[in-house]
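The structure appears right after this line, and notes come after that.
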Amino acid sequence: MAASAPTPPAPGSSAEGRCGYYVAKKRRFCRMVAAAGKRFCGEHAGGAEEENARKRILCPLDPKHTVYEDQLAKHLKKCNSREKPKPDFFIQDINAGLKDETEIPEQLVPISSLTEEQLENLIKKLKRASEALHDALNDPKNGDSATKHLKQQASILGNIEKLKLLGPRRCFVEFGAGKGKLSHWVDIALKDAEKVHFILVEKVTTRFKVDGKHKRKDSVFERLQIDIQHLCLNKIPVLSREKLPVVGIGKHLCGAATDLALRCLVETYGASFEERNEEPSAKRMKNNKTDEEMNTMAQEGSGNNIPEKWTPVAGIVIALCCHHRCDWRHYVGRDYFRARGLGAVEFHYFQRMSSWATCGMRDTSVDASGVPTGQDDQSDNSEDNDDGGHGATDGHADSLPGCLPVEEKKKIGHLCKLLIDQGRVEYLRGQGFRPALQYYTDPAVSLENVLLTALPSQPSSAEATA
């Protein structure tokens with residue numbers, strides 16, 4: 001082996017036609033194909049003495065790989081990280097929400113820097129705003145299906161079925177799809193349902209996807225790599241062509257992504273049909289029929305083939321998650337907050353304090369500084385992902401003025417979550433839906449165990465008759 005290349009610690013050599021560079025971390029030779037007459041692949045060509053004259057540099061589009069400096073211009077034209085043409089359903093910031101950022105404070109101090117009086121005032125505002133809330137989460141009628149299922153996806157699926165959203169001739173849009181397992185189980189539950197489409201929305205590339213394994217001819221899976229913030233559903237070919245009712249689903253849709261998804265469904269997609277007075281052919285056929293024809297068809301037993309009153313969004317079932325990642329600019333419940341004398345400042349602190357409900361605090365011994373010794377490290381990792389760099393702040397939450405007890409902080413965290421979710425509920429109610437919050441799984445399975453569901457408030461023909 002060349003002196004400039006690492007020497008393997010164990011005997012052996014690379015396979016024929018493969019790179020001769022030994023990767024010490026993986027304890028094996030590189031498996032990339034080397035060019036004809038070359039000993040090393042492109043990534044490790046710098047280790048070959050005969051190629052030392054050519055300099056390799058980091059790709060300006062993606063520093064995870066390198067390229068020859070004299071071939072940079074050619075590489076940029078075909079690099080997989082290059083900016084690709086935007087699809088028709090990409091509309092910049094169509095679901096972003098707040099356009100005027102003047103009401104968003106530029107600088108806010110961390111919670112740990114608040115005085116005891118300021119913290120007490122925040123908690124008083126929170127409790128005052130939460131007094132009028134009917135905590136539907138404690139309604140014994142809700143969450144029945146959660147006791148019958150051990151896994152979250154099965155429980156979510158049970159709630160979808162309970163809302164009678166499983167059926168033919170519709171499109172399920174899974175937001176934050178990841179591997180697509182929620183849609184996978186929905187497809188299995190649909191069995192022989194006809195003309196069912198699945199649109200899986202995910203902004204990053206995902207490995208080990210399951211949506212490509214479905215072979216059922218009556219279900220079509222389509223994956224869109226796009227941020228929900230820029231997604232215009234009525235520009236997607238299958239929806240613009242078929243005018244299918246949409247069921248929005250999601251499992252642990254993180255923070256602001258929930259608000260973006262709700263606005264995408266309700267305002268972007270749902271409102272588009274009202275503005276253009278568009279309706280599917282099936283609905284037009286139903287409206288054009290006389291009452292006598294409708295009664296005759298019902299008596300003949302063919303009335304089941306006629307859809308009930310059609311709405312663009314048939315329903316919404318989203319498992320909520322990570323309220324500390326919410327953003328006032330995207331939040332759909334701003335009017336709800338303003339009606340209670342709350343604004344962007346209070347929202348900022350409430351969404352930060354919401355992590356107290358799930359940050360892994362334990363009733364353990366407290367040291368002199370007031371920090372419990374058994375705190376879960378996971379909360380710090382999740383908080384570090386939030387913008388503003390306040391991850392370490394919540395880690396020292398017990399050193400706040402007044403030294404709130406652990407149980408009290410958990411209650412405050414749950415109140416913050418409930419208040420934020422109630423704003424979403426009121427938003428959906430104002431948009432013509434019947435929303436509800438419920439527990440869908442046991443806290444031992446997931447601390448993020450609240451499900452947001454919504455159905456159109458317009459009664460169907462069956463309900464009207466009843």
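No experiment lies behind these values; they were computed from the predicted model shown.
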Original post:
T268 and N95: side chain to side chain donor-acceptor pair (under 3.5 Å), yes or no, with the steps?
Top reply: CA-CA 7 Å; T268 305; N95 303 314; 2.5 Å; yes
Subject >> Residue pair N449, T441: steps toward the side chain to side chain donor-acceptor pair (under 3.5 Å) verdict >> reply: CA-CA 6 Å; N449 61 343; T441 191; over 6 Å; no
Original post:
Between Y427 and Y336, does a ring pair (Phe, Tyr, Trp, His ring centres under 6.0 Å) hold up when you go through it step by step?
Top reply: CA-CA 8 Å; Y427 165 79; Y336 176 79; over 10 Å; no
**OP:** Starting from the C-alpha separation in whole Å, work towards a yes-or-no answer on side-chain contact (heavy atoms from CB on, under 4.5 Å) for Y269 and C232.
**Re:** CA-CA 7 Å; Y269 185 66; C232 182; over 6 Å; no
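H348 has its ring centre no less than 6.0 Å from the ring centre of H324.
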Please output the side-chain donor-acceptor pairs of residues 315-322 that fall under 3.5 Å, not counting sequence neighbours, one pair per line with the distance.
none

Validation: residues 173-183 side-chain donor-acceptor distances under 3.5 Å, sequence neighbours left out:
{"unit_1": "E174", "atom_1": "OE1", "unit_2": "S183", "atom_2": "N", "d": "3.1"}
{"unit_1": "E174", "atom_1": "OE1", "unit_2": "S183", "atom_2": "OG", "d": "2.5"}

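Atoms CG and CZ, from L260 and R329 in turn, are 10.5 Å apart once rounded to the nearest 0.5 Å. Taking CZ from R325 and CD from Q351, the interatomic distance works out to 9.5 Å, rounded to the nearest 0.5 Å.
For D62 and K64, the salt-bridge test fails: no basic side-chain N is under 4.0 Å from an acidic carboxylate O. Note on R429 versus E426: salt bridge recorded, some NZ/NE/NH1/NH2 to OD/OE distance being below 4.0 Å.
Side-chain atoms of Y349 and L126, non-hydrogen and from C-beta on, never get closer than 4.5 Å to each other. Proximity of I123 to K127: side-chain heavy atoms (C-beta onward) are separated by under 4.5 Å at one or more points.
Within 6.0 Å of NZ in K84 there are more than 12 heavy atoms belonging to other residues, nucleotides or ligands.
The aromatic rings of F198 and F172 sit parallel to each other, their planes meeting at less than 30°, with 60° as the upper class boundary.
The two residues R169 and V196 make their nearest non-hydrogen contact at N-CG2, 4.3 Å. Listed here is the closest heavy atom pair of W328 and R338: CZ2-NH2, 4.2 Å.
For D227, there are no salt bridge (charged side-chain N to carboxylate O under 4.0 Å, His left out) partners two or more places apart in sequence or in a different chain.
With hydrogens and angles left out, the side-chain atoms of H252 and Q152 include a donor and acceptor closer than 3.5 Å.
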